[in-house]
Amino acid sequence: MGPDPGPGGPFGLAGTWPRSPAEAVLWQEALAARIQPEGDPGPVCYVAGCDVAYRGEWAYGVVLLFEYATGRLLSHSWARERARFPYVPGLLSFREVPVLLEAFFRLEGPEPDLVLCDGQGIAHPRRMGLAAHLGLCLDRPSIGVAKSRLWGEHDPLPEQALSACPLRDRGEVIGYVLRTRARGRPIYISPGHRIGPEAALRYVLTLLDGHRLPYPTRLADRFARTRLSQEEGR
DNA sequence: GCGACAG
DNA sequence: ATCTTGTCGC
C-alpha cells in the first residue's frame, strides 16, 4: 500500500504511521511534493515555538504561543506520549510530530501565524525535516532552527555576530547558516512550509534576544525540560 | 571499509 | 535527546 498522504494520512490522526524506517522514507518522498518552501507568511501577529524532551520511553511535547510585536507569552500547552519511532538521522519528524500535534491541538488562544521548530526544515536529504512535516500537518508557515547541520554545504562563516551564508544543496539555496553570537557556533535555518529561505532568515533575526537561539524555541526547550522534571515527581 | 549523521 | 561533577570564564 505504501505511503498514505491522502486526507487524514500524513497527520498520524487516522491511526496511520510508518512502522519502519524504510516505510518512513517512502512517506517522506510522497509528502515532500506537498511542501511549499517559498513566499512570506504576511502579517505575523502570533508566533509559536515548540520542542520535545524525553524521559526514558516518554516524549513530552511543548508549544509556547507568543505575541510577535511584544514577545509576551500568551499561552502554552503540552502533551505526553510513548515515543512511536526510534531516532534515526533523517527521520526525526516521525518521532516528534505526533506528540507535537497533540500539544498544538490542546493549545488555546489564536492560531500561530508562524511556527518555529527545533530541527531542520527542507535542509534535509528529501526536503522533509521536522519543520516541513509539522508545517504541512498544521498547514501553517513554519521554520526549522537547528543547532547543528544535517544536510547542505556552505562557505566559511565570518566570526562576526549576525553573519550569514546560504546553505546549498547542488546549488539550490535550502536555508541559511547564521552565527548569532560572535565566535559562537552557528545555527541552521531552513524553511518548513509556506515560507522561503530569505523570509525564514529574516524572521529568525527578529526573534533573537541576545542568546544563541531565537526565544520561541529556546524557551520551548526550557519549558519542556521543566515540565519533564516536574512530572518525575509523580 | 570509512566517514557523516537534526533531536 | 539523555546519562552526569566539577570547572573555566564573563
For residues A:Tyr54 and A:Glu96, is any side-chain donor paired with an opposing acceptor at under 3.5 Å?
yes
If the plane angle is over 60° it's perpendicular, under 30° parallel, otherwise tilted; pick one for A:Phe85 and A:Phe94.
tilted
Could you check if a side-chain atom of A:Val52 sits within less than 4.5 angstrom of a side-chain atom of A:Tyr60, using non-hydrogen atoms only?
no
Which string of ( ) [ ] | and . matches DNA chain B, if you list each base 5' to 3' and count Watson-Crick or G-U pairs only when both distances are under 3.5 Å?
.......
Out of A:Asp221, A:Val145, A:Thr180, which residue meets the side chain to side chain contact (heavy atoms under 4.5 Å, CB included) rule with A:Leu213?
A:Val145
Path from A:Phe105 to A:Val63 over hydrophobic side-chain contacts below 4.5 Å
no
Counted 5' to 3', the first and last nucleotides of DNA chain B within 4.0 Å (strictly under) of a heavy-atom of chain A are B:dA4 to B:dG7
If a pair satisfies ring-ring contact (aromatic ring centres under 6.0 Å, His included) and one of its residues is in residues 178-204 of chain A, list it, with sequence neighbours excluded.
A:Tyr68-A:Tyr203
Pairs under 3.5 Å (N/O, protein and nucleotides 2-9 of chain C):
unit_1 : atom_1 : unit_2  : atom_2 : d
C:dT2  : OP1    : A:Tyr54 : N      : 3.3
C:dT2  : OP1    : A:Tyr54 : O      : 3.4

Name the nucleic acid region contacted by A:Leu100, choosing base, sugar-phosphate or nothing; use a 4.0 angstrom heavy-atom cut-off, strictly under.
nothing
For A:Arg82, all residues meeting salt bridge (charged side-chain N to carboxylate O under 4.0 Å, His left out), sequence neighbours excluded
A:Glu57
By salt bridge (charged side-chain N to carboxylate O under 4.0 Å, His left out), A:Glu108 pairs with (sequence neighbours left out) none
Going by the angle between their ring planes, with limits at 30° and 60°, are A:Phe66 and A:Tyr215 parallel, tilted or perpendicular?
perpendicular
Is A:Arg202 salt-bridged to A:Glu198, going by a charged N under 4.0 Å from an acidic O?
no
